[in-house]
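One structure is given below, encoded as structure tokens.
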Amino acid sequence: MASMVSVQGLSKIYDDGFKALDSVDLEIEEGEVLALLGPNGAGKTTLISAICGIATATSGTVTVGGHDNVRDFRAARSMIGLVPQELTIENFETVFNTVRFTRGLFGKPRDDAYLEKLLRQLTLWDKKDNRLLTLSGGMKRRVMIAKALSHEPRVLFLDEPTAGVDVELRKEMWDVMRDLKGSGVTIILTTHYIEEAEAMADRVAVINKGEILLVQDKAELMKQMGKKTLTVDLDAPVDSLPDSLAQRGVELGADRKSLIYTYDTAARKTGITDLLADIRKAGLHLTDVHTKQSSLEDIFVGLVTEDAA
Amino acid sequence: MNFQAIRAIYIFEMNRTFRTIWQSIVSPVVSTSLYFVVFGAAIGSRIQEVEGVSYGAFIVPGLMMLTVLMQSVSNAGFGIFFPKFTGTIYEILSAPISVLEIIIGYVGAAATKALMIGLIILGTATFFVDLEIQHPFWMIGFLVITCFSFAMLGFILGIWANNFEQLQLVPMLLITPLVFLGGSFYSVSMLPEAWQKVAMFNPVLYLISGFRWAFFGMADVPVGWSLAAIGVFCAICVVAIWTIFRTGWRLRA
Ligand SMILES: Nc1ncnc2c1ncn2[C@@H]1O[C@H](COP(=O)(O)OP(=O)(O)O)[C@@H](O)[C@H]1O
Ligand SMILES: [Mg+2]
């Protein structure tokens, strides 16, 4: 698949000398949802700003749909829709006017039928003549999305779209994103909610301190780096862990009634069969067995702490 | 050229103007009327004529300039300061538009509003004095180009300003003295000779002089100088705005 957005060697040093992006390379494929995951201050917003033309890159190049975002900025920017992190709106404008304004700004001729469809999709049509200051926070966020989509962009950047948003609205946002993905729009989503990346992304990029630590297919990432824990519940507490089990790396649970074994799902031999045999040999009786797959969160925290070390 | 964008910005800004149209019109009309009462009637009854023109009529071009300059600067300043202040400027910065389109949209809208108010003041003036405009074409020409060039100045000011105080204070401290000292209420020839020389450094003098020439056919400085001065001023503003957007000064991180 062709790259929709191509970022090469992108660095950003702010006026105060702070290096917010350090030679970032990133290829975003057409039609995918890429979650850009990173802690606060990692450089997510800076990266988006440099791609969209809000911040000037110190070095490096960006192309969108094959168009250089500086030399051929008109073509590049026409393809982009941006929902910024902050809720920034013209409070005294009406919903319809503000959305129509953005469409014009991006060089598209007036098309009120399209805007009507868009506002209906985002359940904003009833509010189209309302001034923005009369809307709830969630509605305002949807107006921001409507503005970003008003000129039918091929690439949509969503900078922390669900930060500080209640659970219900978050689910609604996700539905909106799925619809968009369905219509072929490439989506770049920044978030520090792992749950969101897990729910929405095709691929995950992890950024920390201005550097991309990894870009990978989400499912593959979880499979490759995913650890699973096996918990064995015992019928009676034990005083100490039998040597045969300790050698396998088994730990005793805090309640002394369970054994915890962490293994790698990607390994050829997980050692579970041998472990169960050893438990029986040690004369222990088990009442229950369960496993837990580690989440993206664990992977992420692992990566970022490793990076800090 | 992204004409859709120019249109969008222009319409958006004009909507903002029309939302507050009464505020925008009432205050200049009231203050102009006051000027006529004070300067035209009270003082004018003693001064009688300036170079063959009744004093009441003589101050009309200056009064129009006073309001038009203030309006152009503050409209354009506010027009770009507000999105910067609320953060909606991100849209302008990320849109496929060039500096020229931004200038035409924002400055054009601010200048239009100032022009409308200038004409309203002219209309108000006709209630107080008899006016015969000798060069109506030039009068409108001077007015339009003044609105545009000072709207550009205001635009620069709006980008420069970090807060509302700066945005309001600078036009007051800059424009008001320049207009008052630029011969809005007197002919420069009425000043002592030393001050006449100083006054020549005031760019607004050339504007008012040219404008007054369009009304009455008489001027403090040759009308060609007036045109040259405003042309140079315009060029400086265009270069300044172009540089601001190219470097991203106060706009882009
Ligand atoms: N205009 C700026 N000037 C100086 N430093 C900045 C500026 N904007 C952001 N930064 C710094 O750059 C780093 C990355 O910020 P940002 O891209 O906003 O992170 P994120 O969006 O991942 O939370 C932060 O340390 C932040 O303080
Ligand atoms: Mg951010």
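Just so you know, these numbers use all the heavy atoms, side chains as well, and skip hydrogens, waters and symmetry mates. First the proteins, then the strands, lettered A, B, ... as listed; each starts at 1.
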Exercise. Where is the tightest heavy-atom contact between B:N2 and A:R74, given as atom of each residue plus distance?
Worked result: CB-NH1, 3.5 Å
For this session: Heavy atoms only: give me the nearest B:I97-A:F73 pair and the separation to one decimal.
Result: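 Taking B:I97 first and A:F73 second, the nearest heavy atoms are O-CE1, 3.3 Å.
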Problem set entry | Per-residue contact mode, B:I89 against chain A (heavy atom under 4.5 angstrom) |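 Contact with chain A involves no heavy atom of B:I89 at all.
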With a 4.5 Å heavy-atom cut-off (strictly below), which parts of [range] touch chain B? List them by number.
{"range": "residues 79-91 of chain A", "value": "A:L82, A:P84, A:T88, A:I89, A:E90"}
{"range": "residues 38-54 of chain A", "value": "A:C52, A:G53, A:I54"}
{"range": "residues 104-121 of chain A", "value": "A:G104, A:L105, A:F106, A:G107, A:K108, A:P109, A:R110"}

Around atom [atom1] of [X], are there more than 12 heavy atoms of other residues, nucleotides or ligands at under 6.0 Å?
{"X": "B:W138", "atom1": "CH2", "answer": "no"}
{"X": "B:W242", "atom1": "CH2", "answer": "no"}
{"X": "B:M172", "atom1": "CE", "answer": "no"}
{"X": "A:D16", "atom1": "CG", "answer": "yes"}
{"X": "A:R71", "atom1": "CZ", "answer": "no"}

Exercise. In Å, rounded to the nearest 0.5 Å, how long is the span from OH of B:Y90 to CE of A:M144?
Worked result: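 These two atoms lie 4.0 Å from each other.
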For this session: Taking the side chain as every heavy atom from C-beta outward, state whether B:R16 and A:F92 have any atom pair closer than 4.5 Å.
Result: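 No; the side chains remain at least 4.5 Å from each other.
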Seminar exercise, completed: Greatest number of non-hydrogen atom pairs under 4.5 angstrom with chain B, of A:T102, A:N97, A:T98, A:N69, falls to A:T102
Problem set entry | Between B:A95, B:A8, B:G105, B:G248, the one whose heavy-atom pairs under 4.5 Å with chain A are most numerous | B:A95
Exercise. Can any side-chain N or O of A:R77 pair as donor or acceptor with the backbone N or O of B:L93 at less than 3.5 Å?
Worked result: yes
Problem set entry | For chain A, which residues of residues 66-88 of chain B have heavy atoms nearer than 4.5 angstrom |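 Contacts with chain A: B:F82, B:T86, B:G87, B:T88.
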